[in-house]
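Okay, so here's the structure we're looking at.
The analysis underlying the following values was restricted to heavy atoms, covering all of them including side chains, and did not include hydrogens, waters or symmetry mates.
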Amino acid sequence: MKVLANDGISEEGKNILQNAGIELVETRVSQEHLAHFINENKIDVLLVRSATKVRKELIDACPQLKIIGRGGVGMDNIDVDYARAKGITVINTPKASSRSVAELVFAHFFSLARFLHESNRIMPLEGDTQFNILKKSYAGAVELQGKTLGIIGFGNIGKEVAKIAIALGMKIKAVTSKPTPEVISLNFFDGQKVDFTIHPTDNLDDLLPEADFITINTPKTEGYIIDEPELEKMKDGVFIVNTARGGVINEALLLDFIDEGKVAGAALDVYENEPSPELNLLMNPALSLSPHLGGSTIDAQKKIGIELAEQIVKLKQK
């Protein structure tokens with residue numbers, strides 16, 4: 001078996017593959033030359049992250065491909081159904097980056113709640129002359145403890161978000177398409193383990209009026225999950241974070257609701273027009289922004305490589 005990791009793979013994943021006698025090719029091939037490279041080098045397995053696109057044309061041009069792997073949760077860059085219809089196995093890593101994404105959610109929440117996103121911009125410019133004024137202007141911060149967190153999407157990432165929220169003393173309300181009671185386990189440094197049972201709902205209206213903080217952790221959707229009706233139902237002064245996919249929240253209306261004071265602040269890691277977000281988003285001081293960094297940690301990349309490699313080894317053994 002011959003594997004092309006076109007967007008790279010961690011050393012841990014590489015070692016697993018090589019120890020299993022699988023040949024790994026780490027050449028980074030441009031999109032336009034990818035089909036030729038796969039055929040020329042008799043590649044059986046193509047591993048990608050978000051950079052490489054695996055569309056119908058590539059699949060048709062490479063009939064010897066047996067496995068396509070995506071290092072990450074979403075598979076928007078792969079024509080999954082088409083590949084599977086052609087007999088190709090498609091795999092991803094639904095759990096590997098969950099903790100990293102969940103921690104980014106709270107990095108943004110803390111930034112918004114304490115005005116760090118704005119003070120980090122202004123302090124270098126005015127900190128030496130307007131220190132006391134700035135100190136006063138950021139005095140309306142809030143704590144997360146005791147607040148209600150609304151989690152939209154209760155998959156692997158949503159559950160990791162819940163773990164952090166519980167540890168912070170937040171109340172949890174979760175929405176998912178197929179709600180069932182979920183046991184959330186917190187493991188502590190001294191070996192103790194505490195279980196909490198969360199009862200999600202499938203009714204977004206149960207969450208919106210009560211949540212002080214809202215995080216979106218869903219797959220890509222056809223339309224907006226958060227649009228004008230949903231924004232109107234939210235509690236005044238709500239904070240919103242989207243680390244899911246661009247297009248799940250109406251960004252233009254979000255800015256309007258921020259300007260009106262309904263939404264206290266919002267954070268975006270993903271964008272409708274990615275990788276070229278609208279300038280009015282980038283310039284808005286009420287937004288905490290990051291360039292699609294959810295799973296971009298050293299720890300997540302290690303886990304992604306391991307999870308992909310282990311799946312490939314198992315498939316090889318079948």
Side-chain angles (χ1 to χ4, degrees), residues 97 99-151 157 160-161 163-165 167-170 211-217 226 231 234-246 248-301:
S97 59
R99 182 68 187 194
S100 288
V101 177
E103 290 189 5
L104 181 64
V105 169
F106 280 92
H108 278 300
F109 276 145
F110 282 120
S111 181
L112 291 167
R114 299 306 301 266
F115 303 105
L116 298 180
H117 61 298
E118 187 174 353
S119 63
N120 277 328
R121 293 174 177 175
I122 302 301
M123 279 294 289
L125 301 175
E126 302 179 10
D128 59 337
T129 58
Q130 306 292 325
F131 190 93
N132 289 329
I133 293 173
L134 292 173
K135 181 178 179 179
K136 186 175 181 180
S137 69
Y138 300 141
V142 296
E143 294 181 355
L144 275 68
Q145 185 180 32
K147 304 301 193 301
T148 297
L149 173 65
I151 304 173
I157 295 172
E160 285 295 328
V161 168
K163 289 180 183 179
I164 299 173
L168 288 170
M170 301 185 80
D212 302 290
F213 295 82
I214 292 175
T215 171
I216 308 170
N217 304 108
I226 302 297
L231 287 162
M234 291 180 187
K235 180 185 285 191
D236 290 348
V238 68
F239 293 96
I240 306 169
V241 171
N242 179 22
T243 58
R245 286 290 181 270
V248 300
I249 186 168
N250 187 325
E251 294 173 353
L253 278 178
L254 174 65
L255 293 183
D256 290 341
F257 276 75
I258 289 173
D259 290 341
E260 294 168 10
K262 176 75 173 183
V263 176
L268 301 174
D269 185 53
V270 289
Y271 306 85
E272 289 189 68
N273 294 323
E274 196 170 319
S276 302
E278 298 294 337
L279 188 60
N280 58 350
L281 294 174
L282 301 179
M283 299 301 292
N284 193 299
L287 293 181
S288 179
L289 304 171
S290 54
H292 203 151
L293 298 177
S296 298
T297 64
I298 294 171
D299 308 87
Q301 296 315 303

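Atom CG of L231 sits about 7.5 Å away from atom CG of N250, to the nearest 0.5 Å. Within the model, atoms OG1 of T215 and CZ of F239 stand 14.5 Å from one another, a figure rounded to the nearest 0.5 Å. Note that the OG1 atom of T129 and the CD1 atom of I133 stand 8.0 Å from one another [nearest 0.5 Å]. Atom CG of residue N242 and atom CD1 of residue I214 lie 11.5 Å apart, to the nearest 0.5 angstrom. Taking CG of D299 as the reference point, atom CD of Q301 lies at 9.5 Å (rounded to 0.5 Å). Here M283 contributes atom CE and L255 contributes atom CG; the two are 12.5 Å apart, rounded to the nearest 0.5 Å.
Looking at R245 and V248, their side chains come closer than 4.5 Å, going by heavy atoms from C-beta outward. Taking 4.5 Å as the limit, every side-chain heavy atom of T243 sits out of range of all side-chain heavy atoms of V270. L149 is listed as a side-chain neighbour of V161, based on a closest heavy-atom distance under 4.5 Å. Looking at F213 and V238, their side chains never come closer than 4.5 Å, going by heavy atoms from C-beta outward.
Between the side chain of N217 and the backbone N or O of A244 there is no donor-acceptor pair closer than 3.5 Å. Between the E251 side chain and the P277 main chain, no donor and acceptor come within less than 3.5 Å of each other. Side chain of S111 to backbone of H117: a donor-acceptor contact under 3.5 angstrom is found. D256 places no side-chain N or O within donor-acceptor distance of the main-chain N or O of D259, the cut-off being under 3.5 Å. T297 contributes a side-chain N or O that, together with a main-chain N or O of A300, makes up a donor-acceptor pair within less than 3.5 Å. Proximity of a side-chain donor or acceptor of H108 to a complementary backbone N or O of L268 within less than 3.5 Å is not detected.
In this pair, Y138 and F115 present their aromatic rings parallel. The plane angle is below 30°, not in the 30 to 60° band.
Of all non-hydrogen atoms in L287 and L281, the two that sit nearest each other are CD1-O, 3.3 Å. K235 and D212 get closest at one heavy-atom pair: NZ-OD1, 3.0 Å. The shortest heavy-atom contact between I240 and F109 is C-CE2, 4.5 Å. Residues A266 and I258 approach most closely at CB-CD1, 4.2 Å, considering heavy atoms. Across every non-hydrogen atom of G295 and S97, the tightest pair is CA-CB, 3.9 Å. Minimum interatomic distance between A141 and A113 (heavy atoms only, all atoms of both residues): CB-O, 3.1 Å.
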query = Please walk me through it: do F131 and E126 pass side-chain contact (heavy atoms from CB on, under 4.5 Å)?
reply = CA-CA 7 Å; F131 190 93; E126 302 179 10; over 6 Å; no
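More than 12 heavy atoms of other residues, nucleotides or ligands shown are found within 6.0 angstrom of CG on L125. Annotation: E143, atom CD; neighbour count of heavy atoms from other residues, nucleotides and ligands within 6.0 Å does not exceed 12.
Identified under the side-chain hydrogen bond (donor to acceptor under 3.5 Å, both in side chains) test for residues 261-286, with sequence neighbours left out: Y224-E272, D236-K262, D269-S290, N273-E278, E274-H292.
A salt bridge between R121 and E118 is absent, with no side-chain N of the basic residue lying under 4.0 Å from a carboxylate O of the acidic one. Salt bridge R99/E103: present, at least one basic N to carboxylate O contact under 4.0 Å.
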